[in-house]
Protein chains: 2
Amino acid sequence: MNVALTLSTANLKKTKAREAVLEYISHAKTPISIQDVENAPMIKSLKIDQATLYRIIHILLDNHIIRQVDLHEGKFRYELAALPHHHHIVCTKCGIVKDISDCLDPKAKQSIEKETGFSITTHALEFFGLCSSCRIFLEK
Amino acid sequence: MNVALTLSTANLKKTKAREAVLEYISHAKTPISIQDVENAPMIKSLKIDQATLYRIIHILLDNHIIRQVDLHEGKFRYELAALPHHHHIVCTKCGIVKDISDCLDPKAKQSIEKETGFSITTHALEFFGLCSSCRIFLEK
DNA sequence: CTTGATGCAAACCGTTTGCAGATAG
DNA sequence: CTATCTGCAAACGGTTTGCATCAAG
């Protein structure tokens, strides 16, 4: 992804902080938390304030450049909004997160809308369990 | 549900605070938050400390009397563990929560375990949208 | 009588905010 | 030059903790 172009397309001022944060998120292999962002060497060296990081994240969310992910950790994570729709599986021991391509049967949405009278805009689906390494470790 | 019996079956001391909290949760129609618990008149009149409420909730969780629900609100909710497995739909405008009976195709679990190498212990599925009242209100 | 439950106060973590000064356009 | 982005510090809401006291068994 072209970070500078993405920012200018969204009419956002190009600043060192914004470029660094977006650069970091766009290279992440899993959804990342604000804490991950602050600890990234690339960001640390710029000494960006935590409040600024939160503000940048909100701007990127508002402009649909990133999306929020909630893996029931008591904090949010973020990933590029351009990624295709998918879900996540989390290891409850080591915390590793993997993407899942599988999704709901699309018929489910309609039947739930009918059942509840809601109009559904989004859904979230998270799986929890043990990754293969943790499972092997626990079996010993 | 018999609150006193539930506590004694789990070898938990029967106290006013525990009985009141469990009584309250067992009559709730939707998953409730700690804040809901403290604001319930029944609980308020007993002047139970917030720290105590959190401790009671943890004990009930540990003993599988209640379960944690995460509706992406930045806080947790709780519901009776004895309720049959189900999911939730949340109105993003007014916050109302409804239960959903629908669930995943059970085949999905196996295919995801195969795809990822994880052994899945739980999953969570949340729907977000507008309830019928809020939708009507917004259309006007 | 003894273990463990409670109240109180302090602290935690993730997040938001107000304000003054810096900087992109 | 002006709008807005940033750093700093303070505060927030949800949650956890240490410690002394109290009550269930």
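Predicted model only: the values in this text are computed from it and were never measured. These numbers come from the heavy atoms of this one structure, side chains and all, not from hydrogens, waters or symmetry mates.
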How does protein reach along nucleotides 20-25 of chain D, written 5' to 3' as B (base within reach of a heavy atom under 4.0 Å), S (only sugar-phosphate), or - (no contact)? ----BS

Any donor-acceptor N/O pair, [X] side chain to [Y] backbone, under 3.5 Å:
| X | Y | answer |
| --- | --- | --- |
| Arg18(A) | Lys13(A) | yes |
| Arg135(B) | Gly117(A) | yes |
| Glu115(A) | Ile100(B) | no |
| Lys44(B) | Glu38(B) | no |
| Thr52(A) | Ile48(A) | no |
| Ser33(A) | Phe76(A) | no |

Show me the pairs that pass side-chain hydrogen bond (donor to acceptor under 3.5 Å, both in side chains) and involve residues 58-75 of chain A, at least two apart or across chains.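 Checked against side-chain hydrogen bond (donor to acceptor under 3.5 Å, both in side chains) - neighbours excluded - the pairs reaching residues 58-75 of chain A are Arg67(A)-Glu79(A), His72(A)-Glu126(A), His72(A)-Glu126(B), Glu73(A)-Arg77(A).
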
To the nearest 0.5 Å, tell me how far Ile89(B) CD1 sits from Asp99(B) CG.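 Ile89(B) atom CD1 to Asp99(B) atom CG measures 11.0 Å (nearest 0.5 Å).
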
Give, for atom CZ of Phe118(B) and atom OG of Ser132(A), the distance between the pair rounded to the nearest 0.5 Å.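 Nearest 0.5 Å value for the CZ-OG distance: 7.5 Å.
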
Can you give me the first and the last nucleotide of DNA chain C (5' to 3') that has an atom within less than 4.0 angstrom of a non-hydrogen atom in chain B?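 Reading along DNA chain C, I get dT3(C) to dA9(C).
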
Using a 4.5 Å cut-off between side-chain heavy atoms of Ile, Leu, Val, Met, Phe, Trp and Tyr, which other residues end up in the same hydrophobic cluster as Leu71(A)?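 Hydrophobic cluster check, Leu71(A): joined to Val69(A), Val90(A), Val97(A), Phe128(A).
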
Near DNA chain D, counting only heavy atoms under 4.0 Å, which residues of residues 37-67 of chain B show up?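 Listed by number, they are Gln50(B), Ala51(B), Tyr54(B), Arg55(B), His58(B).
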
Chi angles and distances behind the side-chain hydrogen bond (donor to acceptor under 3.5 Å, both in side chains) call for His87(A), His123(A): CA-CA 10 Å; His87(A) 299 291; His123(A) 67 273; 3.3 Å; yes

Nearest heavy atoms of Cys131(A) and Ile96(A), plus distance in Å: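 Heavy atoms only, the tightest pair is CB-CG2, 4.1 Å.
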
From CG of Asp36(B) over to P of dT15(D), roughly how many Å is that when rounded to an integer?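 Asp36(B) atom CG is separated from dT15(D) atom P by 11 Å.
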
Quick check on the helix from dC1(C)-dG25(D) to dG25(C)-dC1(D): what's the angle between its two end axes, five base pairs per end, to the nearest 10°?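 End axes: 30° apart.
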
